[in-house]
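Inspection log for the structure reproduced underneath, given as structure tokens.
In what follows, chains carry the letters A, B, and so on, assigned in the order in which the sequence lines appear, proteins first and then strands, with residues in each chain numbered from 1.
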Protein chains: 4
Amino acid sequence: MVAAQPSRPSGSVSEGAGRGTPPVRGAGQSSRSGPVRSEAARQAILIAAVELLIERGYDSLTIEGIAARAGVGKQTIYRWWKSKSAILAECLLEGLVFPGKLSVPDTGDVRADLATWLAAIGELIEGEHGEGLVRSLIAAATDNADVGRRLRDSISGSGALSARLHAGRGTTPLLGDDAPVDEIADALIGAVLLRAISRAGLDRAAVDRLLVALLGVPESAPDPGRGA
Amino acid sequence: MVAAQPSRPSGSVSEGAGRGTPPVRGAGQSSRSGPVRSEAARQAILIAAVELLIERGYDSLTIEGIAARAGVGKQTIYRWWKSKSAILAECLLEGLVFPGKLSVPDTGDVRADLATWLAAIGELIEGEHGEGLVRSLIAAATDNADVGRRLRDSISGSGALSARLHAGRGTTPLLGDDAPVDEIADALIGAVLLRAISRAGLDRAAVDRLLVALLGVPESAPDPGRGA
Amino acid sequence: MVAAQPSRPSGSVSEGAGRGTPPVRGAGQSSRSGPVRSEAARQAILIAAVELLIERGYDSLTIEGIAARAGVGKQTIYRWWKSKSAILAECLLEGLVFPGKLSVPDTGDVRADLATWLAAIGELIEGEHGEGLVRSLIAAATDNADVGRRLRDSISGSGALSARLHAGRGTTPLLGDDAPVDEIADALIGAVLLRAISRAGLDRAAVDRLLVALLGVPESAPDPGRGA
Amino acid sequence: MVAAQPSRPSGSVSEGAGRGTPPVRGAGQSSRSGPVRSEAARQAILIAAVELLIERGYDSLTIEGIAARAGVGKQTIYRWWKSKSAILAECLLEGLVFPGKLSVPDTGDVRADLATWLAAIGELIEGEHGEGLVRSLIAAATDNADVGRRLRDSISGSGALSARLHAGRGTTPLLGDDAPVDEIADALIGAVLLRAISRAGLDRAAVDRLLVALLGVPESAPDPGRGA
DNA sequence: AGTTAATCGAGACGGTACGTCCAGTCTTGGC
DNA sequence: GCCAAGACTGGACGTACCGTCTCGATTAACT
């Protein structure tokens, strides 16, 4: 089927990503004549955007910079996207920003798995390269709803966070059978974003207290000092 | 005294807000000659900044625009603040952005109080005027840690959220005596910001599920059977 | 035969006009396969060019605009002309620009005839529609010698000015038998262009003085006393 | 008095050259506060414009190019001139384009003087460097009336042509006491421009015939074969 | 009272990026 | 092989702001 390639914005969750879905070179049947959107240009633009975002941050990200790095005319960008944040939304959708780094582990111990995962994200927020990447994405989300949604999806590993919580139901005090896992996931990600925004850091202690609040169990061992 | 240097000393709660708080007309004695920072100009700038932020959003907020609206030279702004986000940090600090609208009520019922408060914030996020105000502040926080911190403080009513949670300890299942109220507050505010970012809305049902997740009690009726 | 090459051979009066004049549909036999230059497209392009020139002026004249107005692909234009001025050169050659408006009258009185003719041109220079048409053509001539030559030819009515002067030899003081009529014609047209360029206008008085200078006779009355 | 410097567009013949006449750095009394137009920038812009015009021609002359060459921001150009032709108008006014090369000689023999002068101009039209300079200026005149007027003034040596003709009255057949010297000058310059436009060249023979037409005397000696 | 120095409004300056327009080339499918 | 359509790279347009600077006018404190 045509849906073999994962990438076209045809699969857009909502309006925001691209401008439309004209026939891509090499795609299936085309309905009218004339040249067709260059897939090479599209890829080059997305990659250039991600690279520059990581290297310089969202505020220094410019359409001209992307065009130059991608070896593309500015008009080719404006033809298909209406803002730099729309480009990033598509990057997020294609998994170009976080290349699989963020999947939630599953060792059977939800508490420990989330601690591991949160620590990984904490590193990513202020980590070596990608300094401020999360902050940059929040800035992008600020003027593009899709970026916001996809940022959440990306962080939660394309729903893997909710899935992990679902799977863990019954294993921690607050993860009952009808626990609102989506809201717990939102609260978790929200707390992370808030710390990213206020540069509060996400150290072990903070992670621990956060998990106590949301799962109701400290550390991986039952904490004798606090009833679960 | 702190006022030893002629100008721009101390005062700042943290690094980020302004350049300092030099002798304002009428404040303590200064050691050298010359006029002193004009309080009128400072006020005009802060007010202009907030007005423009509310009217046009953070992305359209410009130093030149603020200067023009305030009837002030650009240099007067650059002399005292190092970026537009620093101006906003000071606005937040002075309570010019959310004029007391966000205090957490206290009727004795934590669950109901938070529901009320969250509904108020939900309205504010997408509300009539101030369309996107919260989103604008998140954008500002993105390049100024102080804005992030003060945004959190403003939303939580200058710590009133934590205080309210503290006061409510023991009255809901998850608000035990040593519950990590700060983290619960963070999770709550974080969830709100996440919804602001992704335009997810914050309707009654969402608020309800969020409070179930964080306080462990649905609706306003004490749900005895919810323990997991 | 000249028609050996499939297309764009010979024919051009000089280098500048077009790419050549390849076999036009319906013209003589063509020696090779494939379709042949579409005369309909050619006409549409020339007409569109003239219309746009008159409506908007040379500076606003674009290849894309001509193509759009003519309902033609850009490539069809680039295939046969090498610049927009080349198109105009061809328009001039086909008499599409000044549809016969500029012929020099012949009443027997050279002086009066030229006065009439100059007045007509003066109106045309700044006249109702075609505002700035002459100026636009001068601009075109600036990068295409053919336009210059053909503009001169068009204004002088395809040599009719020289012919008129020739015919009038002996009837005015300066139009002797071997008067350099071509140079007089050039000077006349040059003066007109200069006024077009400098927006000096070409009123009755100016025309009169110009004719005094070039023919040596003021007004329509034979001035016997003018010899200096 | 203040009028010592030759340069300010205050002396503008008409509206077209610059945008206004704000106080120039170092000029006389200034009426209001704030910084003042930078004379250095103004000079750099005019010089850059002339250089580029001579090197590349009017069509390749760009505001960005001028700004870059002059080491100036584009806005500084747009602040004071409304088009590239307006810049050239000012260059012409300041004599930066033809540095005195075009003055009409005065040996007492009008006929010979004009022949000399026309030859010089003929060289300039297609000459070594400044290839097409005159043509470029005609193009500029096409969208700026001032350029047209000043081009004529420049060519006629700031009125020196008319003056020379005045001075020569009575020495050639057609230069009578009440000869319309301005119109003769216009016809002369017009003929030159026409040849520039149509690349007709301005060789000795052409000059001679032109002078016969306008002055009524061939060569400097009475040509026995043609009654003057 | 005069000097000194820092403030203020205003706004010109060199720059960077914007988003648009067009040039000239290339690519596709239809005739 | 020509054609309409239109995507492509590239470059200039004219505008908006940036952050720095310069100007003349105030306005305190310090002589």
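Proximity of a side-chain donor or acceptor of B:Lys84 to a complementary backbone N or O of B:Tyr58 within less than 3.5 Å is detected.
If you take CD1 of D:Ile66 and C1' of F:dA12, they are 12 Å apart, rounded to a whole angstrom. Taking atom CG on B:Asp59 and atom C1' on E:dA17, their separation rounds to 14 Å, with Å as the unit. We find that CD of A:Gln43 is positioned 19 Å from P of F:dA7, with the value rounded to whole Å. Straight-line distance from the NZ atom of D:Lys82 to the P atom of F:dT15: 13 Å, rounded to whole Å. Atom C1' of nucleotide F:dC2 and atom CD of C:Glu39 are separated by 15 Å, given to the nearest angstrom. For the pair B:Arg69 CZ and E:dA10 P, the interatomic distance rounds to 15 Å; values are reported in whole Å. B:Tyr58 has its OH atom 14 Å from the C1' atom of F:dC17, to the nearest Å. The distance between atom CD1 of D:Ile77 and atom P of F:dC13, rounded to the nearest whole Å, is 9 Å.
Taking the nucleotide of DNA chain F with the nearest heavy atom to each of B:Ile63 and A:Ala70, the more 5' of the two is matched to A:Ala70. Comparing A:Thr62 and C:Ser60 by the nucleotide of DNA chain E that holds the closest heavy atom to each, the one mapping nearer the 5' end is A:Thr62. A residue-by-residue look at D:Gly73 and B:Gly73 shows that B:Gly73 has its nearest nucleotide of DNA chain E further toward the 5' end.
Between the side chain of C:Gln75 and the base of F:dC3, no donor-acceptor pair under 3.5 Å is found.
Note on B:Gly71: only backbone sugar-phosphate atoms sit closer than 4.0 angstrom, heavy atoms only; bases stay farther off. The residue A:Thr76 sits close to a base: some heavy atom pair falls under 4.0 Å.
In this structure, the nucleotide among E:dG19, E:dC8, E:dG9 sitting nearest to the side chain of B:Val72 is E:dG9. The listed nucleotides are E:dT27, E:dG19, E:dA23; the one nearest the side chain of A:Pro35 is E:dT27. In the set F:dT15, E:dG11, F:dG6, the nucleotide with an atom closest to the side chain of B:Lys74 is E:dG11. Taking the side chain of B:Glu64 as heavy atoms from C-beta on, and the options F:dC18, E:dG24, E:dG9, the nearest nucleotide is F:dC18. Each of F:dT9, E:dC8, E:dT25 was ranked by its minimum atom distance to the side chain of A:Ala41; first place goes to F:dT9. For B:Arg37, the listed nucleotide lying nearest its side chain is E:dC8; candidates were E:dC8, E:dC13, F:dA12. Candidate nucleotides E:dG24, F:dA7, E:dC18 were compared by shortest atom distance to the side chain of A:Arg79, and F:dA7 ranks first.
With B:Trp80 as the aromatic partner, B:Arg37 meets the cation-pi criteria of under 6.0 angstrom to the ring centre and within 45 degrees of the ring axis.
Remark: A:Leu137 CG to A:Thr142 OG1 distance equals 11.0 Å, nearest 0.5 Å. Here A:Lys82 contributes atom NZ and A:Asn144 contributes atom CG; the two are 6.0 Å apart, rounded to the nearest 0.5 Å.
C:Ile45 is listed as a side-chain neighbour of C:Ile77, based on a closest heavy-atom distance under 4.5 Å.
At E:dC8, one or more side-chain N or O atoms of B:Trp80 fall inside 4.0 Å of OP1 or OP2 (strictly under the cut-off).
A salt bridge links C:Arg69 with C:Glu55: the distance from a Lys NZ or Arg NE/NH1/NH2 to an Asp or Glu carboxylate oxygen falls below 4.0 Å.
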